[in-house]
Number of protein chains: 2
Amino acid sequence: MKSDESKMDKRHLRTVRTREKLLVAARAVFLENDFQTTTISQIIKRAGVGYGTAYVHFEGKDELLIVLMEDVMDRFHQVAEQPFEPGTAEEAKKQIEQQATAFLQLAEQEREMLRVVEQAIGVSYVIRTKWKQIRERFIERISRDIHYAQAAGLARPDLNPTLVARGWFFANEMYLFEVVREETTATIEEIAETLTAVYTTGLYPHD
Amino acid sequence: MKSDESKMDKRHLRTVRTREKLLVAARAVFLENDFQTTTISQIIKRAGVGYGTAYVHFEGKDELLIVLMEDVMDRFHQVAEQPFEPGTAEEAKKQIEQQATAFLQLAEQEREMLRVVEQAIGVSYVIRTKWKQIRERFIERISRDIHYAQAAGLARPDLNPTLVARGWFFANEMYLFEVVREETTATIEEIAETLTAVYTTGLYPHD
DNA sequence: GATAATATTGACACAGTGTCAATTTGTTTG
DNA sequence: CAAACAAATTGACACTGTGTCAATATTATC
């Protein structure tokens with residue numbers, strides 16, 4: 001995470017240190033409060049640097065959070081990039097449920113940061129955009145998976161993969177934030193299982 | 001919408017007029033801009049009243065929007081309250097698709113106001129709470145419908161109705177806002193059809 | 001028409017933001 | 001090594017918007 005400081009000259013090193021101080025302070029303040037109520041002034045104070053300094057390193061609160069988000073986002077991308085090459089419908093279901101579970105588990109693990117991120121999505125345009133990128137990456141990936149399953153004769157071929165993928169991801173995303181807010185009564189496994197069941201085989205049995 | 005002014009004494013009437021002036025101005029300013037960039041000062045100026053007046057009638061920007069939301073919300077509740085008593089699975093699917101379509105059509109019709117509402121949900125706690133109420137009403141209703149269908153032997157009995165309802169509503173809600181933002185490529189009918197198809201019969205055909 | 005009740009008003013104190021000229025710290029060069 | 005230069009840091013300042021409240025204006029009551 002930290003860049004290699006050994007080769008830097010003293011000047012550059014000071015810059016990096018200041019940046020780091022700001023990020024550490026920002027993380028702490030964000031987690032202790034909301035995104036909205038957190039002020040740059042608080043972060044600056046905590047970091048022990050002069051007021052203007054924060055604006056030299058970051059454009060504002062938003063950019064500070066975006067940098068802090070990056071780790072979490074990497075983990076999401078990892079989940080999105082999991083391979084999907086089922087041989088049978090059963091296998092597909094299993095893999096889909098696994099991915100849904102992994103997704104929600106990530107929400108649980110990164111709850112604190114995601115709590116802040118969720119608030120920030122509402123308030124900040126830049127962060128909303130950032131989140132959309134993550135979402136689109138997931139959706140695109142899911143679309144490809146659906147396409148694959150259709151081509152393999154496993155999934156219904158008459159549905160638009162992108163439309164289906166969006167709907168499926170949306171349900172997952174909303175539950176993700178419910179988990180983050182600790183508003184769910186059910187366990188993650190139960191949620192993933194239920195969502196997957198409906199998604200793959202539907203609520204109404206076939207004739 | 002307007003209350004009956006005929007019986008009011010002059011004083012009360014003045015109050016109502018002022019309130020109305022503020023609401024009209026607020027609607028105009030909100031629709032011309034965002035929720036975030038709209039300032040109370042703008043609304044006050046537009047309404048042609050003194051600065052403090054707005055704070056006498058409303059707690060702030062949020063409450064102003066909440067009052068403006070009410071009409072739209074009524075229409076949503078109407079959609080939520082549509083009867084659901086299918087005799088067959090086919091009938092159920094049809095009714096579900098109809099409701100999904102109605103829901104998205106409402107998004108299209110009330111696009112402008114909902115655009116503002118969506119932004120406000122992000123920023124304002126009060127409005128987020130208000131929206132959650134609407135959502136819960138929908139989800140509760142859908143849960144009951146699922147329960148009904150399960151009891152009637154139409155729907156899979158092994159799934160938790162509330163969990164399923166949430167997932168289903170979430171997908172619809174996200175598409176609602178996509179429609180509001182005019183970010184969809186597909187038509188409303190196609191979206192409703194696809195969502196319903198996956199919801200009712202699943203992406204993977206049964207054995 | 002005097003008094004009481006209520007509604008309106010805008011000046012004010014406050015909180016937070018972002019900028020920029022001045023200052024401090026570090027690097028290079030003759 | 002001491003100018004001279006370059007880069008990083010700083011906090012005072014101007015600005016935007018909010019919410020409050022004592023003063024003022026309007027309407028009701030006796």
Side-chain angles (χ1 to χ4, degrees), chain A residues 3 5-26 29-30 32-67 116 119-120 122-127, chain B residues 3 5-26 29-30 32-67 116 119-120 122-127:
Chain A
S3 353
E5 295 171 356
S6 54
K7 276 190 197 152
M8 288 176 199
D9 52 16
K10 217 172 166 189
R11 184 136 75 199
H12 190 180
L13 184 120
R14 183 166 54 136
T15 309
V16 170
R17 283 270 158 78
T18 305
R19 226 184 111 90
E20 198 66 25
K21 270 195 278 182
L22 281 164
L23 283 172
V24 169
V29 180
F30 276 140
E32 275 168 28
N33 308 280
D34 310 273
F35 180 75
Q36 357 225 354
T37 63
T38 294
T39 65
I40 295 252
S41 313
Q42 285 176 295
I43 296 174
I44 288 162
K45 213 169 181 178
R46 183 95 160 222
V49 300
Y51 187 85
T53 311
Y55 289 97
V56 173
H57 294 275
F58 303 95
E59 280 180 20
K61 243 197 331 184
D62 305 17
E63 211 206 318
L64 233 2
L65 183 62
I66 284 192
V67 176
V116 180
Q119 298 161 348
V123 190
S124 151
Y125 177 75
V126 214
I127 291 172
Chain B
S3 356
E5 295 172 358
S6 54
K7 277 192 196 152
M8 287 176 198
D9 52 17
K10 217 171 164 187
R11 182 136 74 199
H12 191 182
L13 185 119
R14 183 169 53 138
T15 309
V16 170
R17 284 271 160 76
T18 307
R19 225 184 112 90
E20 198 64 26
K21 269 195 279 184
L22 279 164
L23 283 171
V24 169
V29 180
F30 275 139
E32 276 169 26
N33 309 280
D34 310 272
F35 180 76
Q36 357 224 355
T37 64
T38 295
T39 66
I40 296 251
S41 314
Q42 284 175 295
I43 295 174
I44 288 162
K45 212 170 183 178
R46 182 96 161 220
V49 300
Y51 187 84
T53 311
Y55 288 96
V56 173
H57 293 274
F58 303 94
E59 280 180 20
K61 244 197 328 184
D62 305 16
E63 212 204 318
L64 233 2
L65 182 63
I66 284 192
V67 177
V116 181
Q119 298 160 348
V123 189
S124 152
Y125 176 76
V126 214
I127 291 172

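Numbered from 1 within each chain, the chains take letters A, B, ... in sequence-line order.
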It should be established whether A:S41 places a side-chain nitrogen or oxygen under 4.0 Å from OP1 or OP2 of nucleotide C:dT17. yes
Side chain proximity check, A:F58 to A:L23, heavy atoms < 4.5 angstrom: yes
Locate the shortest heavy-atom distance separating A:V126 from A:I66; write the atom from each residue and the value. CG1-CD1, 3.8 Å
Heavy-atom side-chain proximity of B:E32 to B:R46 below 4.5 angstrom: yes
OP1 or OP2 of C:dA7 under 4.0 Å from side-chain N/O of B:H57: no
With a 4.0 Å limit, can you tell me whether B:T18 has a side-chain N or O closer than that to the phosphate oxygens OP1/OP2 of C:dT8? yes
Between C1' of D:dT18 and CG of B:D62, the distance in whole Å: 12 Å
Can you check the B:I44 CD1 to C:dA11 P distance for me, whole Å? 13 Å
Proximity to the side chain of B:Y55 - top-ranked nucleotide from C:dG26, C:dT19, D:dT20: D:dT20
Correct closest heavy-atom pair for B:S41 and B:Y51 would be OG-CE1, 3.8 Å
With side chains defined as the heavy atoms from C-beta onward, is the minimum distance between A:R19 and A:T15 less than 4.5 Å? no
In whole Å, what is the span from the NZ atom of B:K45 to the C1' atom of C:dT8? 19 Å
DNA chain D nearest-nucleotide lookup for B:V56 and B:R14: closer to the 5′ end is B:V56
Starting from C1' on D:dT9, measure out to NZ on A:K21 and report it in whole angstrom. 10 Å
Of C:dT17, C:dT27, C:dT6, the nucleotide closest to the side chain of A:K10 is C:dT27
Taken to the nearest whole Å, CD1/A:I43 to C1'/C:dG16 is 13 Å
I need the CD1-C1' distance between B:I40 and D:dT18, as an integer number of Å. 8 Å
Without decimals, in angstroms, what is the distance between B:F58 CZ and D:dG19 C1'? 16 Å
Is any side-chain nitrogen or oxygen of A:T15 closer than 4.0 Å to OP1 or OP2 of D:dA8? yes
Using a heavy-atom cut-off of under 4.0 Å over every strand shown, decide if A:T53 touches base, sugar-phosphate, or nothing. base
Considering just the side-chain nitrogens and oxygens of B:Y51, establish if one lies under 4.0 Å of OP1 or OP2 belonging to C:dT9. no
Rounded to the nearest Å, what distance is computed from the CG atom of residue A:D9 to the P atom of nucleotide D:dC5? 20 Å
